[in-house]
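Numbers for residues simply follow the sequence, beginning at 1. No experiment lies behind these values; they were computed from the predicted model shown.
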Amino acid sequence: MKRLVQLKHPKHGRRVAVVNGDELQIVGTVNSIYELASQAIEQKKSLSQTISSAPLVETLDYDSIYFGKSEWRLLPAFDHPDEPSRCLVTGTGLTHKKSAENRQAMHAAQPTAISDSMRMYQWGVEGGRPAAEKIGVQPEWFYKGCGTILRAHGEPLDIPSFANDGGDEAEVAGVYVIDPQGIPRRIGFVLGNEFSDHVMEEKNYLFLAHSKLRACAIGPELIVDGNFEDARGTIRIERGGKIFWSQPFHTGENNMSHTIANLEHHHFKYSEHRRPGDAHIHFFGADVFSFGEKIKLEDGDVMEIELAGFGRPLRNPIKIDRSPPELVSVQTI
């Protein structure tokens, strides 16, 4: 397993580095993991082989960068470096039982009634893990935005003025590039905070699409050749420098109602999701989130997500825009 980060320096620009303990070793002259993956595809090598054969040209202190004490700063662990609009950020929900139970509590007309959300989760339990070479039931799917919504470790996640709320969603996402033949190539996995407006969603499940159109964070590290069968972690909310709320969470294929292959099929079955050169970040669903325990996040709260095997924790503060919402008017040409 290899772990990669993306970095930026005011003078030296963008670079990719391999994580080696408390050090970051810069890989050649490539400016993005996207470029590194493109080289691997062109050379018909695995990404691990391409990394291993590239020169390591400089060693940096990881601590100083991670804690924001260096001119180097961490970028989102994957993106489309030249055209952010060609990075599609999406996800699937109701893949974990606790998430489905939270949705059930939001939307069931009566405590004993089965909501559409719980019914969809049950469909996944019954048909989301098909035999090899078979197609299973399709999951819930949502669109978050393009690459401009991505935030790095340490960057704030904004709650816009028109939002009702903003809440943590500790997840893992798959990252992909579409090769010249239109074949999706998985680069690896990345820790993420999918971040959603649960208050808006709670009002009516038809507002789910609106509630997902928010910034999200990924990183700090991208995992190449990693294991995603059974991943155990912890999510924490810090307020005033102290832990305000904390919960363990479980993810990975063994803890999900769908296989990764089934989720990937139902995302990439659409030809418009297989355009050569496009990048994709696809969230696989959350196990727990603080809103499920009636926690309301406040300005300055810090969300920290730690997952064994996925490198250093991802930390992002909350930033709330309290200005009045402004009307957006369309003008005729």
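Taken together through direct or relayed side-chain contacts under 4.5 Å among Ile, Leu, Val, Met, Phe, Trp and Tyr, Ile260 and Phe249 form part of one hydrophobic cluster. Hydrophobic clustering (ILVMFWY, side-chain heavy atoms < 4.5 Å, transitive): Val18 and Leu60 are in distinct clusters. By the rule that hydrophobic residues join a cluster once side-chain heavy atoms approach within less than 4.5 Å of another member, Phe310 and Leu314 end up as members of one cluster. Under a hydrophobic clustering in which Ile, Leu, Val, Met, Phe, Trp and Tyr are joined whenever their side-chain heavy atoms come within less than 4.5 Å, directly or via other members, Phe283 and Met303 fall into different clusters. In this structure, Met120 is not a member of the same hydrophobic cluster as Phe207, with clusters built from ILVMFWY side-chain heavy atoms closer than 4.5 Å.
A 4.5 Å side-chain heavy-atom check between Thr234 and Pro313 finds every atom pair outside the cut-off. Contact annotation: the side chain of Lys2 approaches that of Ser52 to within less than 4.5 Å [non-hydrogen atoms, C-beta and beyond].
For Pro317, the side-chain contact (heavy atoms from CB on, under 4.5 Å) partners are Pro156, Val302, not counting sequence neighbours.
With respect to Asp321 and Lys319, no salt bridge is recorded, no charged nitrogen being found less than 4.0 Å from a carboxylate O. The existence of a salt bridge linking Glu238 and Arg315 is confirmed by a sub-4.0 Å separation between a basic side-chain nitrogen and an acidic carboxylate oxygen. With respect to the salt-bridge test (charged N to carboxylate O, under 4.0 angstrom), the residues Glu71 and Lys11 do not qualify. A salt bridge between Lys212 and Glu201 is absent, with no side-chain N of the basic residue lying under 4.0 Å from a carboxylate O of the acidic one.
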Please list, one pair per line, the donor and acceptor atoms closer than 3.5 Å that link side chains of residues 19-31 to other protein atoms, with sequence neighbours excluded.
residue, atom, partner, partner atom, Å
Asp22, OD1, Arg312, NH2, 3.2

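For Lys269, the NZ atom sits in a packed shell: over 12 heavy atoms of surrounding residues, nucleotides or ligands are nearer than 6.0 Å.
In this structure, Leu75 CG and Leu7 CG are separated by 7.0 Å, a value rounded to the nearest 0.5 Å. Expressed to the nearest 0.5 Å, how far CZ of Phe162 lies from OG of Ser323 amounts to 10.5 Å. The CD1 atom of Ile65 lies 6.5 Å from the CG atom of Leu74; values are rounded to the nearest 0.5 Å. To the nearest 0.5 Å, atoms CG (Asp168) and CG (Leu297) are separated by 5.5 Å. Between Asn316 atom CG and His153 atom NE2 the span is 8.0 Å, to the nearest 0.5 Å. Annotation: the span from His280 atom NE2 to Arg86 atom CZ amounts to 9.0 Å, rounded to 0.5 Å.
Remark: of the listed residues Arg14, Arg151, Lys8, Arg14 is the sole one forming a salt bridge (charged side-chain N to carboxylate O under 4.0 Å, His left out) with Asp79. Each of His273, His266, His265 was compared with Trp141 under the ring pair (Phe, Tyr, Trp, His ring centres under 6.0 Å) criterion, and only His273 meets it. Exactly one of Phe78, Tyr176, Phe228 qualifies for a ring pair (Phe, Tyr, Trp, His ring centres under 6.0 Å) with Phe189. That residue is Phe228.
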Check against side chain to side chain contact (heavy atoms under 4.5 Å, CB included), Val177 and His80: CA-CA 9 Å; Val177 65; His80 193 301; over 6 Å; no
Steps toward side chain to side chain contact (heavy atoms under 4.5 Å, CB included) verdict (Leu150, Cys216): CA-CA 5 Å; Leu150 296 174; Cys216 61; 3.9 Å; yes
Salt bridge (charged side-chain N to carboxylate O under 4.0 Å, His left out) assessment of Asp165 paired with Lys296: CA-CA 8 Å; Asp165 192 27; Lys296 184 174 178 61; 3.7 Å; yes
Worked check of side chain to side chain contact (heavy atoms under 4.5 Å, CB included) between Asp287 and Asn255: CA-CA 9 Å; Asp287 183 39; Asn255 304 298; over 6 Å; no
Derivation of the side chain to side chain contact (heavy atoms under 4.5 Å, CB included) call for Ile159 and Phe195: CA-CA 10 Å; Ile159 299 177; Phe195 200 63; 4.0 Å; yes
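For the pair Ala37 and Ile187, the tightest heavy-atom approach, listed with the atom from each and the gap, is CB-CD1, 3.7 Å. Arg214 and Ile149 make their closest contact through O-CD1, 3.5 Å (heavy atoms, listed as atom of the first residue, atom of the second, distance). Closest of all the heavy-atom pairs between Glu171 and Gly285 is OE1-N, 2.8 Å.
Between the side chain of Asn262 and the backbone N or O of Gly136 there is at least one donor-acceptor pair closer than 3.5 Å. In terms of modelled atom types and a separation under 3.5 Å, the side chain of Thr92 and the main chain of Glu140 share a donor-acceptor contact. When atom types are taken as modelled, the side chain of Ser211 and the backbone of Met200 share no donor-acceptor pair closer than 3.5 angstrom. In this structure, Arg129 contributes its side chain and Glu253 its backbone to a donor-acceptor pair below 3.5 Å.
No side-chain donor from either of Glu264 and His282 sits under 3.5 Å from a side-chain acceptor of the other. For Glu169 and Ser196, the side-chain atoms include at least one donor-acceptor pair closer than 3.5 Å. At a cut-off of 3.5 Å, with distance as the only test, no side-chain donor of Gln49 or Gln43 sits close to an acceptor on the other residue.
Between Phe291 and Phe289, the ring planes are parallel. Angles under 30° get that label, and only those over 60° would be called perpendicular.
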